[in-house]
Undergrad: 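I am attaching a structure below and will ask some questions about it afterwards.
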Amino acid sequence: MSQQHNETVSAQKSVDHASQIVELDTQKFRIAKAASDLEIEGERLEQELDSLKNRLHELDVQGVEGDDVVRAKREADDPTILKLKVYRSLGIDAETDHMGRYNRAVIRNNQKGDVHVVNIDPKFSNFFYSNYFWQSML
């Protein structure tokens with residue numbers, strides 16, 4: 001009877017061992033599948049990162065105002081930009097306050113090496129300022 005008991009216990013241990021092996025194999029395959037999926041996802045994210053880095057570089061090259069074509073079209077359509085370009089080409093830089101109004105002009109005379117800063121006050125006329133600017137540039 002003792003021998004039969006030992007055989008039954010031994011057989012049971014073999015069945016338990018076999019089921020543990022099957023369970024461990026199942027876990028191993030699940031882990032391998034998860035690792036493979038994560039590796040594929042990592043490669044996809046690396047490609048996306050490279051793509052985004054390239055796009056960032058392109059945008060950095062274009063600058064804040066966009067590429068040359070977009071900037072030229074915007075400048076051609078905006079009369080304020082055209083006026084500011086004319087003023088800058090004459091050596092006058094207009095500065096705005098926090099409300100967006102032009103309240104200061106910096107006039108540079110490269111021939112004399114002078115720089116004049118003019119605070120624009122609404123009590124004076126545009127005619128006065130235009131004469132003053134021309135005199136400062138000469």
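Numbers here simply count residues along the sequence, with the first being 1.
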Undergrad: For the atom pair NZ (K53) and NE2 (H57), what is the distance rounded to the nearest 0.5 Å?
TA: 13.0 Å
Undergrad: Please round to the nearest 0.5 Å and tell me the distance separating atom CD of Q20 and atom CD of Q27.
TA: 10.5 Å
Undergrad: Measure the CG-CG distance between D50 and L45 for me, rounded to the nearest 0.5 Å.
TA: 11.0 Å
Undergrad: Without swapping roles, check the side chain of S51 against the backbone of Q47 for a donor-acceptor pair under 3.5 Å.
TA: no
Undergrad: At what distance, to the nearest 0.5 angstrom, does CG of D60 lie from CZ of R55?
TA: 10.5 Å
Undergrad: For the CD1 atom of I31 and the NZ atom of K33, what is their distance to the nearest 0.5 Å?
TA: 14.0 Å
Undergrad: Considering residues, nucleotides and ligands other than R44, do more than 12 of their heavy atoms fall under 6.0 Å from its CZ?
TA: yes
Undergrad: Could you pull out all residues at least two apart from D25 that satisfy side-chain contact (heavy atoms from CB on, under 4.5 Å)?
TA: I21, K28, F29
Undergrad: More than 12 foreign heavy atoms under 6.0 Å from CD of E58: is that the case here?
TA: yes
